[in-house]
Engineer: 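A single structure is presented below for examination.
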Amino acid sequence: MAENQQPDLHAMRHSLAHIMASAITRLYPGVKLGVGPVVENGFYYDVDPGETQISEEDFEKIEAEMKKIIAENQPFERFTKPIDGAIAWAKEAGQPYKEELLNDLKRAGTTVAKDLDPEQLGVASEGEAQVAEVSFYKNGDFTDLCRGPHVESTGRAGAFKLMRVSGAYWRGKDANPQMQRIYGVGFASEKELRSYLNMLEEAKKRDHRKLGQELDLFTFSDLVGPGLPLFTPRGTILRRQLDNFVQSMRDEYDYQEVSIPHITKKDAYIASGHWKKFEHELFRIQTREGHEFAMKPMNCPHHTQIYAARSRSYKELPIRYRETTTCYRDEQSGELSGLSRVRSFAQDDAHVFCRTSQVEEEALKVWDIIDRFYGTLGFELTVRLSTHDSGNMEAYSGDPEKWESTEKQLLSIVKNKVGDNYIDGVGEAAFYGPKIDFMAKDAIGRTWQVATIQLDFNQPEGFDLTCVNEAGERERIVMVHAAIMGSIERFLSVYIEHVAGKFPVWLSPEQIRIITVNQEEKITAFADQLLQEAKKMGLRAVIDNDNESVGKKIRTAEMLKVPYSVVIGEKEVETGEVVPRIRKDIEVNAEHQPHTIEEFLKTVANEAKSRVNKTSL
RNA sequence: GCCGCCUUAGCUCAGCUGGUUAGAGCAUCAGUUUUGUAAACUGAGGGUCGUCGGUUCGAAUCCGACAGGCGGCUCCA
């Protein structure tokens with residue numbers, strides 16, 4: 001079968017992890033080993049080298065040793081030991097982490113930390129073993145506890161490169177000792193390795209932090225503080241255009257815009273349940289009279305109070321509030337990164353207050369907006385149903401039955417919409433309810449969580465939200481939380497990298513750049529006339545009348561990724577026509593040809609209006 | 001927050017093992033030039049080498065703390 005002809009990348013990468021571990025053991029005797037699994041594109045091994053530290057400067061040495069082991073073409077030999085014999089082996093070999101894993105295997109039959117009682121992790125056990133024997137793999141003089149599989153011998157492990165070393169908690173718990181995690185990538189051939197490394201270079205080029213500076217979109221200030229982005233005029237245009245697009249679709253579905261303050265009393269978060277869970281992530285404010293306030297980390301409590309300002313009839317429902325507004329969360333400093341994770345961010349937020357019977361229709365309306373938004377921006381979406389983890393109920397509010405029923409409701413919505421084409425996100429729910437999350441796949445194949453539709457039965461309880469029903473009784477309602485971009489900052493980080501800074505015309509901070517050949521009066525006047533016409537049509541145009549060569553000014557326009565530029569000189573003044581220079585990614589139906597100013601501007605304006613990345617010029 | 005690495009002009013970076021007034025390109029500003037589709041020429045300004053402290057006759061260079069950034073871990077309403 002053809003499949004058998006394919007190199008088994010998983011086995012190769014796993015073998016590379018062992019080869020790296022054996023190299024490290026040779027170079028750093030006494031090193032204690034953690035785990036060494038296969039990950040996307042490669043592998044890692046967690047090691048505890050004791051007093052010494054392994055740094056990226058040591059990679060050359062480790063790689064050389066690995067290459068030696070590969071050249072020795074040691075066979076991978078599998079053998080088994082009874083569980084108690086294995087534990088004795090770990091003790092003797094001075095491998096306490098392996099011993100801990102073996103104890104878990106013996107007692108619970110697994111080493112997966114999240115499936116185990118945290119109190120019991122790694123504790124030695126007496127009595128009957130869950131696992132009778134365990135397998136080992138040996139290459140050369142290196143032996144490791146391992147389930148396999150491996151390639152036949154070290155010579156067949158493929159091409160690799162060590163990438164980085166970082167800290168990682170033993171078994172992912174921050175109370176545990178921190179080990180050094182050494183990452184490598186592995187591929188079947190040198191050629192594939194090189195093409196992967198090239199792809200990484202490409203990803204670096206479109207890094208939103210780099211483009212944000214080059215395209216003058218946003219900045220950070222040490223005085224203002226980490227995680228607090230400052231948007232320039234250009235960046236603000238982008239935000240505004242994206243937000244307008246979302247809001248125009250919300251308008252179709254009769255959302256009403258509301259407006260709230262950015263701080264609130266602590267009491268609101270006690271009622272919502274957020275205080276209990278996120279007390280330490282709030283920016284807190286003490287008033288001079290000693291009352292405690294907090295910067296809002298989300299908008300639902302405020303919005304509930306607009307709903308709750310008077311009694312509501314069932315006839316009014318659903319009531320849909322929307323607002324794009326900034327939230328503040330005191331994220332851990334090590335978490336902050338560009339626009340992807342910040343301490344102040346704008347949510348394009350909305351809350352629908354409705355009866356349970358109205359949830360499906362409302363969710364589908366939001367879903368429609370999400371489809372149109374991401375479709376327009378060229379993302380492929382996948383859906384995740386994020387539900388609670390019944391083994392970890394302390395992370396959630398409300399009773400389990402209510403969780404079951406609301407999840408069933410969301411499941412049926414998802415099934416109706418996409419059939420079985422969704423991901424099961426057990427344990428991914430919000431503390432107040434299950435949600436439908438949307439993941440966008442970007443132009444270089446990475447996926448990011450973006451939009452979300454959340455069903456909340458807890459906050460209506462906490463804030464006692466009701467409507468008066470047909471029988472004249474107070475009836476509990478539910479809330480649907482819906483963000484399309486989620487956070488504009490985070491969305492921008494994804495989107496800037498998706499398009500590599502080449503925004504479609506409707507989003508471009510600068511749509512047309514008018515370049516003068518020289519500073520002669522008639523040329524400047526013509527350029528200015530073009531500028532005024534463009535402005536009249538609602539286009540964002542800029543004149544570059546600097547005393548620089550035309551080549552230089554073209555270059556500047558290219559580097560700013562302006563979609564259209566026109567050069568204005570003697571010729572244009574005489575004929576009254578322009579030959580637009582069009583950014584390469586924009587699809588054109590014809591060669592660049594002269595157009596009257598009116599034709600040109602009309603075409604660009606149409607393109608901007610229809611939010612496509614095409615032109616009929 | 002934790003582990004590791006990094007921090008020299010607005011940006012990108014030189015500055016060997018500590019040794020006189022710290023450099024370059026781009027950007028900025030001024031002058032010359034009046035330019036035709038990806039970088040004209042000349043000149044000028046701009047840095048208490050992230051901050052504070054220490055070692056030393058002497059610190060951009062060595063050590064420490066703090067701040068900020070990067071890569072991970074943990075977390076993510």
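First the proteins, then the strands, lettered A, B, ... as listed; each starts at 1.
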Engineer: Is NZ or CZ of A:Arg13 both nearer than 6.0 Å to the six-membered ring centre of A:Phe43 and within 45° of the ring axis?
Structural biologist: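 Geometry flag: not set, cation outside 6.0 Å or 45°.
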Engineer: Quick check: closest heavy atoms across A:Asp437 and A:Ser386, and the distance to 0.1 Å?
Structural biologist: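 That closest heavy-atom pairing would be OD2-OG, 2.6 Å.
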Engineer: Can you check the distance between B:G15 and B:U8, where both ends of the measurement are the P atom (answer in whole Å)?
Structural biologist: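 It comes out at 13 Å once rounded to the nearest Å.
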Engineer: Using the rule salt bridge (charged side-chain N to carboxylate O under 4.0 Å, His left out), only one of A:Lys561, A:Arg234, A:Arg583 pairs with A:Glu510; which is it?
Structural biologist: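 Passing option: A:Arg234.
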Engineer: Using a 4.0 Å heavy-atom cut-off, write out nucleotides 36-42 of chain B from 5' to 3' as B (base contacted by protein), S (sugar-phosphate only) or - (no contact).
Structural biologist: BBBBB--
Engineer: Could you tell me whether A:Phe491 and A:Trp448 have their ring centroids closer than 6.0 angstrom?
Structural biologist: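 No, they do not, as the ring centres are separated by 6.0 Å or more.
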Engineer: Return no unless some side-chain N or O of A:Ser166 is found under 4.0 Å from OP1 or OP2 of B:G4.
Structural biologist: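 No, because none of the side-chain N or O atoms of A:Ser166 sits under 4.0 Å from OP1 or OP2 of B:G4.
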Engineer: Does any donor atom in the side chain of A:Thr324 or A:Asp348 lie under 3.5 Å from an acceptor atom in the other side chain?
Structural biologist: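 Absent: no donor and acceptor within the cut-off.
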Engineer: Give me, pair by pair, the N or O atoms of the protein and of nucleotides 75-77 of chain B that are less than 3.5 Å apart, along with how far apart they are.
Structural biologist:
residue, atom, partner, partner atom, Å
B:C75, O2, A:Arg341, NH2, 2.8
B:C75, N3, A:Glu335, OE2, 3.4
B:C75, N3, A:Arg341, NH1, 3.2
B:C76, O2, A:Arg341, NH1, 3.3
B:C76, O2, A:Arg341, NH2, 3.4
B:A77, O2', A:Tyr432, OH, 3.3

Engineer: If you take the centroid of each ring, where Trp contributes its six-membered ring, are A:Tyr321 and A:Tyr307 closer together than 6.0 Å?
Structural biologist: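 Centroid separation for A:Tyr307 and A:Tyr321: 6.0 Å or greater.
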Engineer: Students often get this wrong, so: under 4.0 angstrom with heavy atoms, is A:Phe220 touching a base, only sugar-phosphate, or nothing?
Structural biologist: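 No contact.
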Engineer: Which residue in the set A:His351, A:Arg322, A:His481, A:Gln459 passes side-chain hydrogen bond (donor to acceptor under 3.5 Å, both in side chains) when paired with A:His303?
Structural biologist: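 Of the listed residues A:His351, A:Arg322, A:His481, A:Gln459, the side-chain hydrogen bond (donor to acceptor under 3.5 Å, both in side chains) partner of A:His303 is A:His351.
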Engineer: Can you confirm whether the side chains of A:Glu279 and A:His274 place a donor and an acceptor under 3.5 Å from each other?
Structural biologist: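 There is no such pair between these side chains.
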Engineer: Any donor and acceptor pair, going by atom type alone, linking the side chain of A:Lys98 with main-chain N or O of A:Gly34 inside 3.5 Å?
Structural biologist: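 Present.
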Engineer: Between A:Asp222 and A:Asp207, name the one whose nearest nucleotide on RNA chain B is closer to the 5' end.
Structural biologist: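 First, find each residue's nearest nucleotide; the 5'-ward one identifies A:Asp222.
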Engineer: Is there a donor-acceptor contact under 3.5 Å linking the side chains of A:Arg490 and A:Gln449?
Structural biologist: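 There is no such pair between these side chains.
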Engineer: For RNA chain B, write out the stems as range with range, using runs of 3 or more consecutive Watson-Crick or G-U pairs with both distances under 3.5 Å.
Structural biologist: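 The stems are B:1-7 with B:67-73, B:10-13 with B:23-26, B:28-32 with B:40-44, B:50-54 with B:62-66.
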Engineer: Check the orientation of A:His388 and A:Tyr396. Use parallel for under 30°, tilted for 30 to 60°, and perpendicular for over 60°.
Structural biologist: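 Aromatic pair A:His388/A:Tyr396 classed perpendicular.
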Engineer: By nearest nucleotide on RNA chain B, pick out whichever of A:Gly227 and A:Gln180 is the more 5' one.
Structural biologist: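 The 5'-side residue here is A:Gln180.
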